[in-house]
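Structure record follows, encoded as structure tokens.
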Number of protein chains: 2
Amino acid sequence: MELDERKKKILKAVIRNYLETGEPVGSRTISKYTDLNLSSATIRNEMADLEEMGYILQPHTSAGRIPSDQGYRFYVDTMMEEKDREFVELKEMLLERQDKMETLLKQVAKVVAQNTQYAAMISAPSMHRNKVKFIQLSRLNPEQLLAVIVVEGNVIKNNIIPIADEISDENLLKLNILLNTQLNGLTMEEINLGIIAALKQQAGVHGSLIGEVIDAVGDAIKADDDPEIYTSGTNNIFRYPELTDNGKASELVGTFEEKQQLGSLIQESLETDPGTGIQVYIGDEAPIKSMKDCSVVTATYELGEGMKGTIGIVGPKRMDYDKVIGTLRTIQSKLDELYKKE
Amino acid sequence: MELDERKKKILKAVIRNYLETGEPVGSRTISKYTDLNLSSATIRNEMADLEEMGYILQPHTSAGRIPSDQGYRFYVDTMMEEKDREFVELKEMLLERQDKMETLLKQVAKVVAQNTQYAAMISAPSMHRNKVKFIQLSRLNPEQLLAVIVVEGNVIKNNIIPIADEISDENLLKLNILLNTQLNGLTMEEINLGIIAALKQQAGVHGSLIGEVIDAVGDAIKADDDPEIYTSGTNNIFRYPELTDNGKASELVGTFEEKQQLGSLIQESLETDPGTGIQVYIGDEAPIKSMKDCSVVTATYELGEGMKGTIGIVGPKRMDYDKVIGTLRTIQSKLDELYKKE
DNA sequence: GTTAGCACTCAACTCGAAGGAGTGCTAACA
DNA sequence: TGTTAGCACTCCTTCGAGTTGAGTGCTAAC
């Protein structure tokens, strides 16, 4: 069977109506509120076809229809083609350039959650491809060095390095100069074994120390120990019974608090980014099983070169995709603006 | 009317039973399961008295009794007097000395939540009374300095300071020496206007810079911008219907995510610490209105000198106070041990 | 191909009866 | 005087029956 123009119209009408009301949609409603001028009986026939094709389904025999995951997928896909999403006016939007990345991210998450009334999450930009701007080793006490690493985007990382042998002030200074001249401007990916070996050689007596320091620098930059993710508006999920009935709320709240799993979703989204930076996961499409009744819309943002992170909005499958995508577009561009001034 | 020994026994029996079952307790249950050897009728009379005195109440006419807030308060108070809580064996306890405070705190919160099956929160130790161990200013670029401040407990803070006038390498070095010699070993509270003025004078040309730096140091140390609080096991609240019915879950989840309000609770707990470090807030006693159906048990912990923080456990009023208090005691002492080795 | 009409289905709601846990009160008992 | 047995009463909870209404599928006519 083919999805002809009329079927498409009816399918879209069903979905739109369901998004608005959250109730199963009957044939009569469609017949009345569309410009198709068809009787409910005709609609019924078409709807039976659409059900057979898997786009919609009935919760029970004598109920209206609701979109299936496949239906939502169709809707989102055609919606994405049709028009370039217009940007959405954000309420209470106050994004200021922050020295502290953390503050900015929390702000963004909050703004997004408040505007959409869904749950929002945001990941700190990954810094693998970030250039090292500044490295400094200082002596905290005879047994410990403090490593401070600043990478592009003014993200600062610290690490305390225990050292076996003492090191003189003079040597420490040399080491600092060495590190800065050799590593400055490199990305973490570029700091490979060859460079490390060369460094060790040049460091001479303190060659063994170099290894520790490089490890510390690596640690500091990758920050993988714990995916830095901020959430906001988790409690918005309580607006949607389909997400909170039957103890589902507990699982979701857990997922949002633990953040571990959110990381995998963000990873996935970064890897499969199509180009617009916006992706929609419906139900099982997301790699998190507690979100099987949710839809997730993710957007990749970029703060300067190579600083990529992901914003995600989690809501019920019947979320207002249009608005959500618009909001994310707006945020994307605002963030872009914000960091272009750098 | 007086609360004689028998009434106390009955009251405790009612509460203990209710804590176990979560169901209103009838006179017959008490008569059967206590060693009082009284008939249910007698118990009924006593229970009527206890109700009149405000210790217990009836959800409806023909139901058993449940403890009132006043009843819980009595129970907790006598329980605290009676015996020194014994320490509780913790499951999956693995606290390692962490360089990163953050990791340690998250660990603690998780362990506590998992062991008690309630929601847990923990605040980073306040650093107002912490001694400055190390200060360093470095030049990031001509317009920005990077201030790194390490305080006792190896907590590292960074701050980027924009500067108006350029500063020579030599002067920067002098400034660093000045800052370290003058501020080292002082607590934030001790760095007062007098010291700042003296510093400015000594800094000479860069006097104005000193002000900025001190502010940055202050900023870095107080970290009040956002109370650093970590939570774990928020979803445990879903185990208790009385906390999640009627949309209460949403409020609570919000409170836990926003953390703002948790800060006030932790503040309150630090200020009114009696000495044991353990406090119990029942219902309205806690300064957070979304927790009016909860009990909160807080414990002050200390990591080395002056590094005080608070752990809190939030659960239903019918929480297992005995176990919760025991768990907190255990954590308190483990943390103490951990940092005594310093 | 479209539509009107009709029988059918099924969730949701209402209502009342039955069940049961627990109380308060009274009167008898030690 | 304190304790207890007994009983009537209350009120929540559960369950099933009946009702309603939205919506469907099918058929026959247009």
Side-chain angles (χ1 to χ4, degrees), chain A residues 1-11 13-15 17-18 20-68 71 241-242 245-246, chain B residues 1-11 13-15 17-18 20-68 71 241-242 245-246:
Chain A
M1 206 174 329
E2 209 197 334
L3 199 60
D4 59 31
E5 214 44 49
R6 197 170 74 176
K7 282 196 171 55
K8 283 187 190 171
K9 265 196 173 165
I10 291 171
L11 177 52
V14 170
I15 296 179
N17 198 292
Y18 182 71
E20 262 178 45
T21 63
E23 298 288 311
V25 185
S27 54
R28 189 127 185 288
T29 316
I30 300 294
S31 134
K32 271 198 299 191
Y33 297 107
T34 56
D35 48 0
L36 288 164
N37 285 324
L38 291 172
S39 76
S40 62
T42 313
I43 305 284
R44 275 203 289 283
N45 288 329
E46 295 287 43
M47 277 164 87
D49 290 351
L50 283 170
E51 182 165 8
E52 202 183 330
M53 295 161 79
Y55 289 103
I56 54 182
L57 40 85
Q58 270 181 304
H60 58 87
T61 329
S62 63
R65 304 306 213 285
I66 62 174
S68 67
E242 66 263 49
D245 284 351
N246 307 114
Chain B
M1 208 175 329
E2 210 198 336
L3 199 61
D4 58 30
E5 213 45 48
R6 198 170 75 178
K7 281 195 172 57
K8 282 186 189 170
K9 264 193 173 168
I10 292 171
L11 176 53
V14 170
I15 297 179
N17 198 292
Y18 183 71
E20 262 178 46
T21 63
E23 297 289 311
V25 185
S27 54
R28 186 122 189 291
T29 315
I30 300 293
S31 136
K32 270 200 297 191
Y33 298 107
T34 55
D35 49 359
L36 288 165
N37 286 322
L38 291 172
S39 77
S40 62
T42 312
I43 305 286
R44 274 204 290 284
N45 288 329
E46 294 287 44
M47 278 163 85
D49 289 352
L50 284 170
E51 182 165 8
E52 201 183 330
M53 294 161 80
Y55 289 104
I56 54 181
L57 38 86
Q58 271 181 304
H60 58 87
T61 330
S62 65
R65 305 306 214 286
I66 62 175
S68 67
E242 65 262 49
D245 286 350
N246 309 113

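Below, read A as the first sequence line, B as the second, and so on, with proteins coming before strands; counting in each chain starts at 1. Side chains are part of it too, since the values below use all heavy atoms of this structure and drop only hydrogens, waters and symmetry mates.
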Inset, instruction - Quickly work out the A:I30 CD1 to D:dA22 P distance and round it to whole Å. - result: 16 Å
Legend entry - Check: A:S27 side chain, A:I43 main-chain N or O, donor-acceptor pair, under 3.5 Å: no
Inset, instruction - Check B:Y18 against B:V25 and note the closest heavy-atom contact, atom names and distance. - result: N-CG2, 3.8 Å
Legend entry - Worked verdict on A:L38 versus A:E46 for side chain to side chain contact (heavy atoms under 4.5 Å, CB included): CA-CA 11 Å; A:L38 291 172; A:E46 295 287 43; 5.7 Å; no
Inset, instruction - Look at the side chain of B:S40 and the backbone N and O of B:S31, then say whether any donor-acceptor pair between them is shorter than 3.5 Å. - result: no
Inset, instruction - Output yes when a side-chain donor or acceptor of A:Q58 lies under 3.5 Å from a complementary backbone atom of A:A63, and no otherwise. - result: yes
Legend entry - Contact list for DNA chain D against residues 37-51 of chain B - heavy-atom distance below 4.0 Å: B:N37, B:L38, B:S39, B:A41, B:T42, B:R44, B:N45
Inset, instruction - Mind listing the closest non-hydrogen atom pair of A:P24 and A:P59 along with its distance? - result: CG-CG, 4.1 Å
Legend entry - A:K9, NZ: over 12 other non-hydrogen atoms inside 6.0 angstrom: no
Legend entry - Euclidean distance, A:R44 CZ relative to A:R65 CZ, rounded to 0.5 Å: 9.5 Å
Inset, instruction - Evaluate side chain to side chain contact (heavy atoms under 4.5 Å, CB included) for B:T29 paired with B:V14, printing each intermediate quantity in order. - result: CA-CA 9 Å; B:T29 315; B:V14 170; over 6 Å; no
Inset, instruction - Specify the separation, in whole Å, of atom NE2 of B:H60 and atom P of D:dT13. - result: 6 Å
Inset, instruction - Mark yes or no for whether B:T21, through its side chain, and B:N17, through its backbone, hold a donor-acceptor pair below 3.5 Å. - result: yes
Inset, instruction - Map every base of DNA chain D to its dot-bracket character, where paired means a Watson-Crick or G-U wobble contact with both distances under 3.5 Å and | marks a partner outside the strand. - result: ||||||||||||||||||||||||||||||
Legend entry - Contact interval (first through last nucleotide) of DNA chain C with protein chain B, 4.0 Å heavy-atom: C:dA21 to C:dC25
